[in-house]
Amino acid sequence: MERAVFVYTTYPSIVEAEAAGKALVERRLAACVNILPGMISHYAWEGAVERAEEVVMIIKTRASLAEQVRATVKEMHSYSTPAFLVIPLESVDPAYLGWLMTETAPAAQPSS
C-alpha cells in the first residue's frame, strides 16, 4: 500500500503560504496543509547569519506525489532555495490514511 508522508516547508508570509496551500489541495496534491505562523528562523545564507520571521507549512500527501508537490512549491515560492523535506510516517490511523489517499487520488471523470 502507498505510504503517507509529511512535507515540511517554510514561507516568508502567511499570504504566500495560504495561496500555495490552497493550490496544493485544489490540485489534489495534498489532502491537507497546516500553516503555522509566527516562526523565527536563524540560518546561514550566503556567508552571513540571517534572522527571519517565517510561516511553517506541513503538507499531508502520499509518497508518490512528493515530486509533484516539490515542483508546485518551487513554482509558487518566492525563495530561490525553499526548504523542502519529505518526512516518512511510521504509522497512520487507517481511517485517516484512507481519507488522505482518497483526497489525493486523481479526480473521477464524469461519465458520458
Side-chain angles (χ1 to χ4, degrees):
M1 176 157 195
E2 174 135 35
R3 296 196 59 175
V5 296
F6 281 174
V7 174
Y8 172 93
T9 190
T10 59
Y11 284 87
S13 74
I14 195 154
V15 171
E16 188 175 331
E18 286 199 64
K22 183 176 182 210
L24 288 164
V25 173
E26 286 176 343
R27 294 176 189 181
R28 301 185 68 86
L29 296 174
C32 174
V33 298
N34 298 131
I35 299 169
L36 310 164
M39 181 179 76
I40 304 294
S41 296
H42 292 270
Y43 56 94
W45 184 252
E46 298 180 345
V49 175
E50 302 286 339
R51 178 197 182 276
E53 294 183 16
E54 293 185 298
V55 176
V56 172
M57 181 186 289
I58 300 169
I59 303 162
K60 299 171 185 177
T61 190
R62 51 174 75 206
S64 65
L65 293 175
E67 287 306 313
Q68 287 178 270
V69 170
R70 179 192 319 262
T72 301
V73 167
K74 288 185 126 185
E75 163 197 327
M76 299 186 73
H77 215 293
S78 61
Y79 290 168
S80 60
T81 309
F84 190 91
L85 296 86
V86 178
I87 305 163
L89 302 174
E90 186 170 318
S91 178
V92 180
D93 177 80
Y96 191 89
L97 180 62
W99 167 79
L100 188 149
M101 293 298 161
T102 297
E103 295 305 320
T104 57
Q109 299 301 314
S111 302
S112 5

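Atom set for the values below is all heavy atoms of this structure, side chains included, hydrogens, waters and symmetry mates excluded. Bear in mind that the values here come from a model prediction, so they are computed numbers and not experimental data.
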Test ring-ring contact (aromatic ring centres under 6.0 Å, His included) applied to Phe84 - qualifying residues, sequence neighbours left out: none
Looking at every non-hydrogen atom in both residues, tell me the closest pair between Pro88 and Val5 and how far apart they are. CA-CG1, 4.1 Å
Salt bridge (charged side-chain N to carboxylate O under 4.0 Å, His left out) contacts in which one or both residues fall within residues 55-67, not counting sequence neighbours: Glu2-Arg62, Glu67-Arg70
Nearest heavy atoms of Ala17 and Val55, plus distance in Å: CB-CG1, 3.9 Å
Between Arg3 (side chain) and Ala63 (backbone), is there a donor-acceptor pair under 3.5 Å? no
For residues Leu89 and Leu97: do they belong to one hydrophobic cluster (side chain heavy atoms under 4.5 Å, members Ile, Leu, Val, Met, Phe, Trp, Tyr)? yes
Residues 50-71 vs ring-ring contact (aromatic ring centres under 6.0 Å, His included), sequence neighbours excluded, gives none
Do Ile59 and Val73 come close enough that some side-chain heavy atom pair is under 4.5 Å? yes
Cluster link Tyr11 to Ile40, ILVMFWY, side chain under 4.5 Å: no
Check which hydrophobic residues are tied to Trp45 through side-chain heavy-atom contacts below 4.5 Å, counting indirect links as well, and list them. Tyr43
Sequence neighbours excluded, the answer for side chain to side chain contact (heavy atoms under 4.5 Å, CB included) partners of Ala31 is Trp99, Leu100, Glu103, Thr104
For a quick test of reading the model, state the closest non-hydrogen atom pair linking Ala23 to Met76 and the distance between them. CB-SD, 3.7 Å
Which residue in the set Thr10, Ile14, Val7, Leu24 passes side-chain contact (heavy atoms from CB on, under 4.5 Å) when paired with Met57? Leu24
Contact list for residues 4-24, test salt bridge (charged side-chain N to carboxylate O under 4.0 Å, His left out), sequence neighbours left out: Lys22-Glu26
Find out if a path of hydrophobic residues (ILVMFWY) with successive side-chain heavy-atom gaps under 4.5 Å connects Val15 to Tyr79. no
In short, Leu29 meets Thr61 closest at the heavy-atom pair O-OG1, 2.5 Å
Show every salt bridge (charged side-chain N to carboxylate O under 4.0 Å, His left out) that has at least one partner inside residues 73-95, sequence neighbours left out. Arg27-Glu75
Path from Val92 to Met101 over hydrophobic side-chain contacts below 4.5 Å: yes
Apply ring-ring contact (aromatic ring centres under 6.0 Å, His included) to Tyr8 and list each qualifying residue two or more places apart in sequence or on a separate chain. none
Among Ile35, Ile87, Val33, Leu36, whose side-chain contact (heavy atoms from CB on, under 4.5 Å) with Ile58 holds? Leu36
